[in-house]
Structures are given as structure tokens and as C-alpha cells.
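Below: the structure, in C-alpha cells.
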Amino acid sequence: MNKEISVVIAGPRGKMGREAVKMVEGTEGFTLAAVIDRKFDGQKLSDIEGFSSDAIIYTNAEHCFTSVKPAVLVDLTTPETGYTHAKAALMNDVRPVIGTTGFSSQELEELKELSRDKKLGTIIAPNFAIGAILMMKFSQIAAKYFEDVEIIEMHHDQKLDAPSGTGLKTAEMIKEQRKNKQQGHPDEKETVTGARGGEVDGIRIHSVRLPGLVAHQQVMFGGDGQLLTIKHDSHDRGSFMTGVKLCIESVMDLEELVYGVENLID
Ligand code: NAP
């Protein structure tokens with residue numbers, strides 16, 4: 001039988017964190033070893049309403065890693081904290097699975113190097129939803145045949161970064177296949193700043209933030225007399241958990257940083 005994977009979750013009281021706690025507790029082969037929160041140091045998770053786990057709460061990540069010695073950290077907090085936690089995890093021989101996005105290229109490079117030096121897997125996953133990963137992969141295929149493309153990503157209004165990590169990653173993947181093209185009319189003028197969205201590698205990304213939304217994206221390809229729309233919707237946070245589970249399992253076999261769940265599936 002395979003060894004149990006002991007997991008620490010950072011941000012357990014958050015919307016994603018609560019789902020992750022449920023998933024880890026309900027998955028054979030995973031143990032919830034502890035959680036990292038910014039409150040309730042030393043208490044049990046079950047002291048907080050809605051939880052039944054006896055996992056201990058730590059407010060100091062280093063302290064948690066040195067005391068509990070988990071195999072994997074799953075971080076579902078904020079971009080700044082995700083980076084700090086990932087670094088602390090690697091320094092303490094814990095493999096990070098980071099679900100927060102918005103890292104600078106310098107931070108990413110630093111984590112890549114640390115992961116390589118330590119020979120410890122790290123996964124940074126801008127999107128854990130397998131359906132969203134397929135949307136990106138299908139978009140990359142479509143980009144071979146359609147040069148004109150725009151991305152519309154829509155999220156709940158509590159999201160801190162725009163565009164979304166998934167939107168950026170989609171643009172990056174499309175760019176690998178798409179011939180460079182100046183889209184739209186050459187004399188186009190924005191009469192309202194931002195009306196045409198943000199531009200990444202010549203690809204427009206439009207970010208919508210509204211209550212009632214969860215995580216949605218459309219990639220629209222235009223051609224002569226035809227429009228191809230590739231669309232994905234996450235209706236609730238349960239949609240991300242198959243990806244979180246896959247990352248926890250996969251990170252154990254990695255010895256370097258992998259950016260994006262698309263690099264873990266065929
Ligand atoms: P949320 O409901 O606001 O939860 C965030 C949690 O993190 C809160 O409980 C917050 O505590 C906690 N937190 C913040 N700073 C912390 C720190 N320094 N130490 C410990 N805990 C800390 O947000 P969410 O919707 O669950 O999303 C969480 C993160 O996952 C976000 O960065 C989001 O962008 C990302 N996300 C990723 C995916 C993906 O597929 N990769 C999907 C959805 C969301 P307080 O309540 O005290 O503030």
C-alpha cells in the first residue's frame with residue numbers, strides 16, 4: 001500500500017480552504033496534519049464552527065513545518081502569503097502546492113531555483129479546475145488556425161488580481177501557437193481608457209468582476225464568417241478539488257517547479 005501523504009492547508013477558513021479540508025479528510029491516502037491560519041494559534045480546527053477535524057492550527061508557517069514535518073503544503077491564502085509560505089515550505093523540505101496567483105517573475109524564478117536546489121517538487125496552479133485546463137489546451141490548438149482572439153475572464157468581486165492567472169496563462173499558451181498579428185483597426189482609438197481591455201503579447205484580456213460569479217472564461221476566436229468560442233464555468237469551489245488532489249499526488253514525484261496543472265495531464 002502507498003504511504004499516507006501528510007498535508008498542511010493554509011487558509012482553511014477561506015472558501016477554497018474549506019473545500020480542501022473536506023477533500024483531504026475524505027481522501028484515502030491523505031492525512032490533514034495541521035492547518036495554517038492567521039488566528040486561533042494552538043487551537044484545534046474543530047474549535048471553529050463548521051469543522052470536525054482535530055488538526056492543530058498554527059499561525060506561524062515555519063513553526064508548523066518544523067513541528068509537524070508534513071510532506072505537502074496546500075496554500076489557498078493570498079498571493080503575497082502564498083509566496084512567503086512556498087519559500088518557507090521549501091526551506092523546510094515541504095513540497096508546496098500553491099493555488100494563489102499573481103507572483104512576479106522574480107518571485108517565480110526564486111521559487112524555481114529553490115525547488116531545483118532542494119530537489120523538491122513545487123506546483124503553482126493558477127487554475128485547479130480540470131475543465132479550465134482543457135479550455136486552455138483547446139484554445140492553444142485553435143490558435144494554430146485562428147489568429148484573431150480575445151479573452152474574457154469573469155470572477156467574483158472579491159478577487160484581488162486582474163487579469164486572472166488563468167487569463168494570463170491562456171494568453172501565454174495561445175502565444176506559443178499564434179502568428180503575431182496586430183488585431184483590430186489600425187486607427188482604433190479608445191475613447192474610454194481600458195475599453196479594449198488589457199494587452200498581453202498582443203492578445204486582449206477583459207476582466208469582469210461581479211458578485212454572483214465564481215470563475216468563468218471565454219476564449220473567442222474570430223475568422224472570416226465564423227466565430228469559435230471556447231468556454232468554461234466553475235459554478236462552485238468543489239470544481240477545483242480534483243485538481244488539488246491531482247497536485248498533491250503529483251508533487252510527491254517531482255523534483256522541480258511545475259507551473260500549471262496543464263503540465264501534469266496529457
Ligand atoms: P478567501 O475566502 O478570501 O480565503 C482566503 C483565506 O486565506 C482566508 O481564510 C484568510 O483569512 C486566509 N489568509 C489570508 N492571509 C493569510 C495568512 N497570512 N495566513 C493564513 N491565512 C491567511 O479566498 P478563496 O476564494 O478561498 O481563495 C483563496 C485563494 O485561492 C485566492 O488567492 C484565490 O485567488 C485562489 N484561488 C485559486 C483557484 C485555483 O484554481 N488555483 C481557484 C479559486 C481561488 P482571513 O479570513 O483572516 O482573511
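Every number for a ligand or one of its atoms is a count from 1 in the order of the listing.
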side-chain contact (heavy atoms from CB on, under 4.5 Å) evaluation trace for I56 with K44: CA-CA 5 Å; I56 301 294; K44 285 182 188 162; 4.1 Å; yes
Side-chain donor-acceptor contact under 3.5 Å, E153 with S207: yes
Q217 and T166: side chain donor to acceptor below 3.5 Å: no
K118, NZ atom: more than 12 neighbouring heavy atoms under 6.0 Å: yes
Exceeds 12 heavy-atom contacts within 6.0 angstrom, atom CG of N180: no
[Y] side chain reached by [X] side chain, heavy atoms, under 4.5 Å:
X: I98; Y: Y83; answer: no
X: K245; Y: M241; answer: no
X: L120; Y: D93; answer: yes

Which protein non-hydrogen atom lies closest to [atom], naming both residue and atom, and how far is it?
atom: atom 46 (O) of ligand 1; value: R13 NH1, 3.4 Å
atom: atom 3 (O) of ligand 1; value: K15 NZ, 4.1 Å
atom: atom 35 (C) of ligand 1; value: G99 O, 3.6 Å
atom: atom 43 (C) of ligand 1; value: M16 SD, 3.5 Å
atom: atom 12 (C) of ligand 1; value: G11 CA, 4.1 Å
atom: atom 17 (C) of ligand 1; value: T81 CG2, 3.5 Å
atom: atom 41 (N) of ligand 1; value: A125 O, 2.8 Å
atom: atom 4 (O) of ligand 1; value: G14 CA, 3.2 Å

Ligand 1-proximal atoms of P12, by part, heavy-atom distance under 4.0 Å: neither
Which option wins on minimum heavy-atom distance to [atom]: [options]?
atom: atom 31 (C) of ligand 1; options: L76, T78, T77, I9; value: T77
atom: atom 40 (O) of ligand 1; options: Y58, F40, F128; value: F128
atom: atom 10 (C) of ligand 1; options: H85, R38, Q158; value: R38

Within-shell test, R237 vs ligand 1, heavy atom, strictly < 4.0 Å: yes
Any A10 heavy atom less than 4.0 Å to ligand 1: no
Cationic N near anionic O, under 4.0 Å, K189 to D187: no
K22/E19 salt bridge by N-O under 4.0 Å criterion: yes
Trace of the salt bridge (charged side-chain N to carboxylate O under 4.0 Å, His left out) decision for E147 with K179: CA-CA 6 Å; E147 293 159 12; K179 289 192 203 105; 3.6 Å; yes
Atoms in ligand 1 flagged as close to P126, the criterion being non-hydrogen separation under 4.0 Å: 39 (C), 40 (O), 41 (N)
Distance filter under 4.0 Å to N127 heavy atoms, resulting ligand 1 atoms: 39 (C), 40 (O), 41 (N)
Exercise check, heavy-atom protein proximity under 4.0 Å to atom 33 (C) of ligand 1: no
